[in-house]
Structure formats: structure tokens, C-alpha cells
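Report on one structure; see the data block that follows.
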Amino acid sequence: MKSIRNDHEVARDLASEAGQLLLRLRARHGFDEPDVLRTLGDRTSHEFLFSAIGRLRPSDAVLSEEGADDPARLRARRVWIIDPLDGTREFAEAGRTDWAVHVALWENGDLVAGAVALPAQGSTVSTVDPPWLPEERPSNQRLRITASRTRPPAFTQRMATQLGAEVIPMGSAGAKICAVLLGIADIYVHAGGQYEWDSAAPVAVAQAAGLHASRIDGSPLRYNMADPLLPDVLVCRPELSGMLLASIRDGADLDSAGPHAGG
């Protein structure tokens, strides 16, 4: 049990330390050259995390958004899946706090540890101590869906209308899933392009906290695949999952039927 606990702590500590590096970089560089800041942020955080994992867990493989994909990871028993700077766009915009650092550990087919640092919000959520999930949400509270601020799935507004829900646009996938973890939102749904590093760490924490996490067709999220494309995800309170999956499925059926379908 001690080694498992240490993996949780490593994920938490590395995500937090990378986040502090990014805060210092942001303060030192400023926002006058956003493209330069984004490039520096990606590189600085990746180099720190890759080096630290190599030092602390030298036998483990790494899959990083900012690193070359070594196919040896497919034969590895343990793989760290990292997004050194999730929400790069928001990182380079003054005043925005919806960016994150993701560190997750995959082992023998499952996510076993993870952490999401939200440096500009002063917090890190992790599998060391997952956020407490209230047993019930207030029945009179309007549902809140967090979705991409730049490329929300086409069905999101239709789902919101059907459910009478509010849509909350937000940047980083990690920040959006953390919004569900922290009770700021009830649902995160995305379709249309993501990779394993976008969701591995926040999904690890979400599952540890008792949230539902799946593909939008209800199938399991799978990590350390040969192709790291993982284009869609649904994270929500478990009691909402059946209703939401049915809503997504009904919307897909309408789209496939086309405008000339009968009925």
C-alpha cells in the first residue's frame, strides 16, 4: 500500500510544482507576447515533469503532449500520462484561471493515480485525497454543463435546452472536470477532438471521487493505446449518467436521421 500511496503523492507534488513554475513564468514574462508565453509554458513544464518522473520513477514510461511518443510505452507496465499545460490559450490571457497541469499514472490497464493542479486558482485536486462528493444535489437546482469555450460539441446546447440546464464555457479540460468535482458544475461533456493527456489525470481524480466517467456512448475510457486520440468524454454525478447518455444518444439519432426523415 505504501508504494501506491507514494504514486499518488508523486502525481500531486509534481503537478503542483510544475504549476508554480508556470505561475512564475507568467509573472516574469507578462502577456505582451502570448504565442511566446504559450511556447515557453509548454516547454518549461514538460521539461520539468519529464525530468522529475525520470528521476523518481526511472523504470516507468511517459506519454506527454509535448514529448515524442515512444512506442516502448505500449509494452510498459506503468505509464505516466501528462499534459504539462492544459489550457495553453487561457494561460497566455491575463486574468484567466482556467488552465491546469495534468499528471496521471496508468498501470496494467487502469488509471491508478492522478492530480490536476489549478495554479492560478491556488489548488490541486488529486487521488491522495479526492474531493468529497455530496450524496445528493439539491433537487431544485438547475443543472450546469461545463463545455469548451472555443469548440463546444454541437449537441451541447440542444442537451441544455432539453434538460433546462445552464452551459458554462470554460478553457482547460482539467479545469472543467474539476468544476464538476468541486460542485461548480454537474456535467462535463466533450466531443470532437481530445487526446489521452487531456483527460487522464482529471478522470483519475473524478473516478476516485465517485463520479461517472465514460465515452459519450457509455463505453469505457481506455488509456495507453497505440493511437492516443480519445475524442470524447462525459463526466458527471453517477445518478445523472443514464439520463445524459440517453439524451446524447437521442440527439445522435436525430442528427443521423437528417432533415427528410419521417416522424
Side-chain angles (χ1 to χ4, degrees), residues 1-22 42-87 100-119 124-131 172-174 177-178 181 194-215 219-233 235:
M1 290 300 293
K2 185 177 179 182
S3 64
I4 295 174
R5 175 178 168 80
N6 284 345
D7 287 332
H8 297 312
E9 293 173 343
V10 165
R12 178 198 62 193
D13 294 347
L14 293 188
S16 298
E17 290 170 30
Q20 292 305 304
L21 282 175
L22 289 168
D42 282 333
R43 186 176 68 210
T44 299
S45 186
H46 168 77
E47 289 176 352
F48 167 75
L49 290 171
F50 191 81
S51 174
I53 292 169
R55 183 178 71 255
L56 296 170
R57 297 291 189 268
S59 299
D60 295 353
V62 178
L63 172 63
S64 171
E65 179 178 16
E66 302 304 325
D69 187 359
D70 184 351
R73 68 177 172 83
L74 299 174
R75 302 186 297 275
R77 186 175 65 87
R78 290 163 50 97
V79 181
W80 293 86
I81 303 174
I82 61 174
D83 191 341
L85 176 51
D86 186 51
V101 178
H102 297 182
V103 179
L105 175 61
W106 173 96
E107 184 172 3
N108 292 332
D110 294 307
L111 296 172
V112 296
V116 179
L118 300 165
T124 298
V125 297
S126 81
T127 52
V128 171
D129 185 18
S172 154
I177 294 175
C178 285
L181 276 162
Q194 279 189 356
Y195 291 84
E196 292 184 13
W197 46 75
D198 290 304
S199 64
V203 162
V205 183
Q207 290 177 329
L211 290 173
H212 168 91
S214 71
R215 301 285 302 270
S219 61
L221 294 159
R222 306 226 180 259
Y223 294 90
N224 196 37
M225 306 300 288
D227 181 356
L229 181 68
L230 189 54
D232 57 78
V233 61
V235 177

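Position 1 is the first residue of the sequence; numbering continues from there.
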Legend entry - Pairs flagged by salt bridge (Lys or Arg N to Asp or Glu O under 4.0 Å) wherever residues 67-77 is involved - sequence neighbours left out: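 Of all non-adjacent pairs touching residues 67-77, those that pass salt bridge (Lys or Arg N to Asp or Glu O under 4.0 Å) are Asp69-Arg73, Arg77-Glu107.
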Legend entry - All pairs passing salt bridge (Lys or Arg N to Asp or Glu O under 4.0 Å) where residues 108-119 contributes a residue, at least two apart: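 Sorted result for residues 108-119: empty, none.
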Show which side-chain atoms of residues 12-22 pair as donor or acceptor with protein atoms under 3.5 Å away, not counting sequence neighbours.
residue, atom, partner, partner atom, Å
Ser16, OG, Arg12, O, 2.9
Ser16, OG, Thr124, OG1, 2.8

Legend entry - All side-chain hydrogen bond (donor to acceptor under 3.5 Å, both in side chains) counterparts of Ser219, not counting sequence neighbours: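 Residues passing side-chain hydrogen bond (donor to acceptor under 3.5 Å, both in side chains) with Ser219: Asp217.
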Report yes or no: does [X] contribute a side-chain atom to a donor-acceptor pair with the main-chain N or O of [Y] at less than 3.5 Å?
X: Ser45; Y: Pro84; answer: yes
X: Thr127; Y: Gly114; answer: yes
X: Asp7; Y: Ala113; answer: no

Inset, instruction - Not counting sequence neighbours, which residues clear salt bridge (charged side-chain N to carboxylate O under 4.0 Å, His left out) with Asp232? List them please. - result: Arg215
Legend entry - Residues in side chain to side chain contact (heavy atoms under 4.5 Å, CB included) contact with Asp42, at least two apart in sequence or another chain: Glu66, Leu85, Thr88
Legend entry - Qualifying residues under ring pair (Phe, Tyr, Trp, His ring centres under 6.0 Å), relative to His212, sequence neighbours excluded: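 Once residues adjacent in sequence are excluded, His212 has no partner under the ring pair (Phe, Tyr, Trp, His ring centres under 6.0 Å) criterion.
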Would you mind reporting whether [Y] and [X] have side-chain heavy atoms less than 4.5 Å apart?
X: Leu118; Y: Cys178; answer: yes
X: Leu105; Y: Arg57; answer: no
X: Val116; Y: Leu181; answer: no

I'd like a table of donor-acceptor pairs (distance under 3.5 Å, sequence neighbours excluded) in which one partner is a side-chain atom from residues 198-211, with atom names and distances.
residue, atom, partner, partner atom, Å
Asp198, OD2, Tyr195, N, 2.8
Ser199, OG, Tyr223, OH, 2.8

Contact summary for [X] and [Y], nearest pair of heavy atoms:
X: Val112; Y: His8; value: O-CE1, 2.9 Å
X: Leu221; Y: Leu230; value: CD2-CD2, 4.0 Å
X: Ala173; Y: Asp86; value: N-OD2, 2.9 Å

Legend entry - Any pair counted as ring pair (Phe, Tyr, Trp, His ring centres under 6.0 Å), so long as it reaches residues 58-80, sequence neighbours left out: none
Inset, instruction - Report the distance from atom CD1 of Ile53 to atom CZ of Arg78, rounding to the nearest 0.5 Å. - result: 10.5 Å
